[in-house]
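Worksheet: the structure to be examined is printed underneath.
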Amino acid sequence: MDSATISMRQMETVDSGRTISPTETPRAVLTCDDVSIYYGSFRAVNEVSMDIGLHEITALIGPSGCGKSTVLRSLNRMNDLIPGTKVTGTISYHGIDIYGKDVDPIEVRRRIGMVFQKPNPFPKSIYDNVAYGPRVTGMKVDSMDDLVEKALRGAALWGEVKDKLKQSAYGLSGGQQQRLCIARTIAVQPEIILMDEPCSALDPIATARIEDLMLELKEKYTIVIVTHNMQQAARVADRTAFFTAEAAEGNGDRTGHLVEFDLTTKIFSNPSDSRTEDYISGRFG
Amino acid sequence: MSTTMQSAGPSRQGGLRPSSAPVTLRSANPRYGEKVLLGFLMLAAAVSILTTVGIVLSLIFPAIAFFREVSIGEFLTSTSWTPRFADKNYGVLPLITGTAWTTAIALAVAIPLGLGAAIYLSEYATPRVRKIFKPVLELLAGVPSVVYGLFAVAFVGPVILKGWFGIGVGTYSVLAAGLVLGIMIIPTVASLAEDAMTAVPRSLREASYGLGSNRMRTVLRVVFPAAISGIAASIVLALSRAVGETMIVAMGAGSQARMVAAPTEEGQTMTGFIAAAALGDSVQGTTDYNTLFAVGLTLFVITLLINLVSIKLVNRFREVY
């Protein structure tokens, strides 16, 4: 399906005058080719092909059950933790198949970090939360204090927590906890950060802060975000992938697939597929 | 009130007045059944508390009578326990060393094996393996302790320790009794610790894996600390069972009350003494009779202290999620 691949297009300029930075074809850091994902015999996602561009924010949107979270979790082999999951097709990171035989999923997840829907700090101190990743991955660190500070600054949290690093992370607000989870992720210096609806448990103000943070983070990292919030995708993402689910013949199981993947401005102003247009204009989903 | 609001000034926000339909908020049904049931539930709770209080009191009064004749100092410091001999000595230390040895050996067996089994079942085993393993493990807890005792005397002592390992133990030894005691309490540790670890939210494990942690580090640094209060509870319960277990030690450890210096020696535990001496031939009110209760009270106090200390320790180290 050609809508699933990236078409060549001219550089576009948004109303605000902000120039969209992505080039036409992204410099792909992560490439999905005909990726299908199964839970047991149930095919949850069918034949997704897309490129994740370096230093871009890619948003995956679509109605519930369309498989966008499943796709996201397959990008760092998080799905391995669910027994019975199978991935076919190839997902390559810098050209290496991450499901290849001699690939260590632990190493994949160190380079491709993840931030979850509900803030899930460890029941440890703020400091220990950030230091956890470097410690367990055996990173060579000159000064853990500096690394923790850098990560917390990177997540725009340092000013709020610098005087209570030894206190429990559970004393923070939901939005602070989520930024702590982002700090914890960048502390292991991944190249890509996957975010699974990172703002769905947060209020609008905390959401705005996370979105600002994402725009800062993309200078250094590549971000893939699943979101239910279409305005969020429009605000932060360089490219947007729209997924939907259709019932397979025979039974009621719905299999998700990629409908359209393009520059965000294109998806929201002039989508090629009518289903995308229906979804973004609120006619379904 | 609503009438004044109507006439004067600004009305309440939204401009709605409460409707005045006649209502009654009284219960239509007196619900006697619920009261009867509540009475029964309170009674059930009260019975268990009163029984405990009753047991403590029945221990305390004979014990007080005992300590009128034997000083607490002698009881706690003398190293000779010969209450039924012509030359009577009432030093409880030999019995305490017996209990300490069997309990320590039992924990040395049960903690690593029990926690190992718990970690395997909660973190590594597939759901199918877990479904078979856990009931079997819990079955082990249902074996009568007299069977374990027989196992200690007939097999572990003579065959395994002496025959296979060439360790110089007699028919009775605190080592054989302790090992079997340890096997008996493995299911207690494994089952409760597994419950505690399984209860740790999946989101915490995912967070750890998402940072590039492997399974063992996730278990040791995230799951284990988060489950520590349940794990500690499992060990404390196992410890209390080991201290209080009677049949295995009465059969396997021997009946000579003496200071036990090495695990290959035989010795008598507090419970072993009570089981051996409480044969119904002691006349109520005699020192012989009261001695049993003094030892019983000692056992009770030790168990209580263990529990209190553990609670303190757990509260200090636990991570609340």
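Computed over heavy atoms, backbone and side chain alike; hydrogens, waters and symmetry mates excluded. Below, chains carry the letters A, B, ... as their sequence lines are ordered, and counting in each starts from 1.
Counting heavy-atom pairs closer than 4.5 Å to chain B, the top-ranked of the candidates T185(A), T137(A), I106(A), D104(A) is I106(A).
More than 12 heavy atoms of other shown residues, nucleotides or ligands fall within 6.0 angstrom of atom OH in Y39(A). Within a 6.0 Å sphere centred on NZ of K134(B), heavy atoms belonging to other residues, nucleotides or ligands number more than 12.
Of all heavy-atom pairs between I82(A) and R202(B), the closest is CG1-NH1, 4.5 Å. Listed here is the closest heavy atom pair of R221(B) and K124(A): O-NZ, 2.7 Å. Summarising the geometry of G210(B) relative to M78(A), their closest heavy-atom pair is N-CE, 3.7 Å, with the distance given to 0.1 Å.
Side-chain atoms of N120(A) do not come within 3.5 Å of backbone N or O of L204(B) as any donor-acceptor pair.
Contact of P121(A) with chain B is made through the backbone alone, with heavy-atom distances under 4.5 Å. In this structure, chain B has no heavy atom under 4.5 Å from any part of R77(A).
The side-chain heavy atoms of S208(B) and F122(A), taken from C-beta on, include a pair separated by under 4.5 Å. Here the side chains of S213(B) and Y132(A) are in contact, with some heavy-atom distance below 4.5 Å. Side chains of L211(B) and R110(A) form no contact here, defined as non-hydrogen atoms less than 4.5 Å apart.
A salt bridge is absent between E206(B) and R109(A); no separation between the charged side-chain nitrogens and carboxylate oxygens falls under 4.0 Å.
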